[in-house]
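Only one structure is covered here, and it is reproduced in the block below.
Everything quoted here is computed from the prediction, not taken from an experiment.
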Amino acid sequence: MLIFFQELCLQLFLWLLQLIDGLMEIFSAIAGVTNVRVNGQSVNIIEYLAGNSTVGTIFWCIFILAVGLTCIFTIVGLVKNMIANNRNVSSIVGKFFLALLGTMAMLAVVFLGILIANSLLQLLARIFQLGNSTKLSNALFNACVGNWINGYNINKINVTSLSVSDIFGGYNAALFGVWPTSWKCNGMVNPNTFMYLPALISSIALGIALIIAVINLAKRVYEIIYLYFCMPVSMSTLPLDDSARFKNWREQFVTKIILAYGAVLSVNVFVLLLPLIQSMSIPNVGSFGNSVFTIFMIVGGAMVIPAGQTLFARLFGTADDMHAGGGWLRSAYYGGRVASAMTIGLAWKGVKGIAHAVRHNRHSNNNGGSSDSDSSDSGGDEKYSDDGSADTGATEGGGE
């Protein structure tokens, strides 16, 4: 039975590792580290969406609308200046032309900034791959192996392409070769030293962290295009507010551009340190204590992946809006915990209610049998008593 349980745990672990590798491919594509294919061409996702003809047409329509808004805001600024007389008329008119020309200049700056940011992001990913080309699934598997046997190591395998029998090998069996008794240890790792609990916990935690990071990066793609459309409108308010709205737009745009840097950096730092964490152990602590130590280090590193985006943005002082952007994730997380607790509580109350109903039903059946017999006896007595009284009445009537 233990061997069956070990095989089941390893199979679940392998499925989770395949999920992690798939999430990493999606992560790299959405972040802009790797390209996506569109109509047979390999393109960067942000560059393709920003340079799409439909997106460009909508942008120029918004630009025409922004020109009208610029004229309106200029008139409003002149009227306010006539009342307050706190600004120069030439300054307001100069902001009008600056808004028109600045929109064209910012269009070039936006595309140039996206190109430079994507190039630097790909360079950052390549820097971490210079001395560490191990995939995240292999690194996590190596951290939970315990002991390699028969000359195998992590550099000779691709764990997601292997099966349970390839990794653990065969086992000795009894009862006509059906019931397993012991491992033959002719595979790649020692099944008796494999850390099953750290493997499952760390892979689940890492999968959740990658899902949150991918969702944030996917949201970033839409937000960049959204800010791209809003740029002419933010520039149109220059004659009225002296570029206060444009400053907010600029901070938001910079935040969304550098958001991917924090995600890519946190993932690569986790992959880089994971094999080093696996080689550590606490002296005078048993295997279980060291397994718990490994779990904490892996889960803690996985939590840094979604938090690395906010951490990197805070270094530039532009992370205030990220709390609002990720609030629904936290709400969903804590709401899921509350819902789980309520579900467990309701299920427990339901089980207690069912058990109470069953006990009450049994008690009623037991008492019901005796009460039925009593009622039948008493009913019989009442019948004979009624008949007797009737006969007596009849006799007395006849006597009279």
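Residue L112 holds its CG atom at 11.0 Å from CE of M106, rounded to the nearest 0.5 Å. Rounding to the nearest 0.5 Å gives a distance of 4.0 Å between CG of N138 and CD1 of I154. Considering CE of M235 and CG of L101, their distance stands at 9.0 Å, rounded to 0.5 Å. Separating the CG atom in N186 from the CD1 atom in I149 is a distance of 7.5 Å, to the nearest 0.5 Å. K95 contributes atom NZ, which lies 8.5 Å from atom CG of D241 (distance to the nearest 0.5 angstrom). A distance of 9.5 Å separates CD in E47 from CZ in F111, rounded to the nearest 0.5 Å.
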*Verdict with supporting geometry, Q6 and W183, side-chain contact (heavy atoms from CB on, under 4.5 Å)*: CA-CA 11 Å; Q6 290 173 333; W183 290 103; 2.6 Å; yes

*Going through the distances and angles, do Y48 and V38 end up as a side-chain contact (heavy atoms from CB on, under 4.5 Å)?*
CA-CA 9 Å; Y48 172 76; V38 178; 3.4 Å; yes

*Show the numbers, then the answer: is there a side-chain contact (heavy atoms from CB on, under 4.5 Å) between F128 and L272?*
CA-CA 8 Å; F128 278 91; L272 180 66; 4.3 Å; yes

*Stepwise, does the side-chain contact (heavy atoms from CB on, under 4.5 Å) test hold for I30 with R220?*
CA-CA 9 Å; I30 296 180; R220 164 185 174 265; 5.9 Å; no

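Residues that satisfy the side chain to side chain contact (heavy atoms under 4.5 Å, CB included) test with T54, not counting sequence neighbours, are N52, I58. Listed by chain and number, the residues in a side chain to side chain contact (heavy atoms under 4.5 Å, CB included) with S42 are N35, R37 (sequence neighbours excluded). Residues forming a side-chain hydrogen bond (donor to acceptor under 3.5 Å, both in side chains) with N44 (at least two apart in sequence, or on another chain): N118. Every residue meeting the side-chain hydrogen bond (donor to acceptor under 3.5 Å, both in side chains) condition with S182, not counting sequence neighbours, appears here in chain and number order: N172. W148 is linked by a side-chain hydrogen bond (donor to acceptor under 3.5 Å, both in side chains) to N142, counting only residues two or more places apart in sequence or in another chain. Residues passing the side chain to side chain contact (heavy atoms under 4.5 Å, CB included) test with T34 are S28, A29, sequence neighbours excluded. In this structure, the side chain to side chain contact (heavy atoms under 4.5 Å, CB included) partners of V304, at least two apart in sequence or on a different chain, are S266. Checked against ring-ring contact (aromatic ring centres under 6.0 Å, His included), F59 has the following partners two or more places apart in sequence or in another chain: Y228. Residues passing the ring-ring contact (aromatic ring centres under 6.0 Å, His included) test with Y261: none are found, sequence neighbours excluded. Contacts of S161 classified as side-chain hydrogen bond (donor to acceptor under 3.5 Å, both in side chains), with partners at least two apart in sequence or in another chain: none.
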Exercise answer: donor-acceptor pairs, residues 66-79 side-chain atoms, under 3.5 Å, sequence neighbours excluded:
residue : atom : partner : partner atom : Å
T70     : OG1  : A66     : O            : 2.7
T74     : OG1  : T70     : O            : 2.7

Expected list for residues 7-21: side-chain donor-acceptor pairs under 3.5 angstrom, two or more places apart:
residue : atom : partner : partner atom : Å
Q18     : NE2  : T160    : O            : 3.3
D21     : OD1  : S137    : OG           : 3.0
D21     : OD2  : K135    : NZ           : 3.4
D21     : OD2  : S137    : OG           : 2.8

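With hydrogens and angles disregarded, a donor-acceptor distance shorter than 3.5 Å links the side chain of Y196 to the backbone of P191. The main-chain N or O of G187 is found under 3.5 Å from a side-chain atom of N150 such that the two form a donor-acceptor pair.
Of all the heavy atoms in I114 and A50, the pair that sits closest is CD1-CB, 4.3 Å. Shortest non-hydrogen contact noted between S203 and L140 is CA-CD2, 3.9 Å.
Shown are I298, L136, I211; of these, the side chain to side chain contact (heavy atoms under 4.5 Å, CB included) with L206 is made only by L136.
Within the 4.5 Å cutoff, no side-chain heavy atoms of N147 are placed close to those of V189. For the pair M188 and V145, the minimum side-chain heavy-atom distance is 4.5 Å or more.
Aromatic ring centroids of F194 and F141 lie under 6.0 Å apart.
Surrounding OH of Y222 are at most 12 heavy atoms belonging to other residues, nucleotides or ligands under 6.0 Å away.
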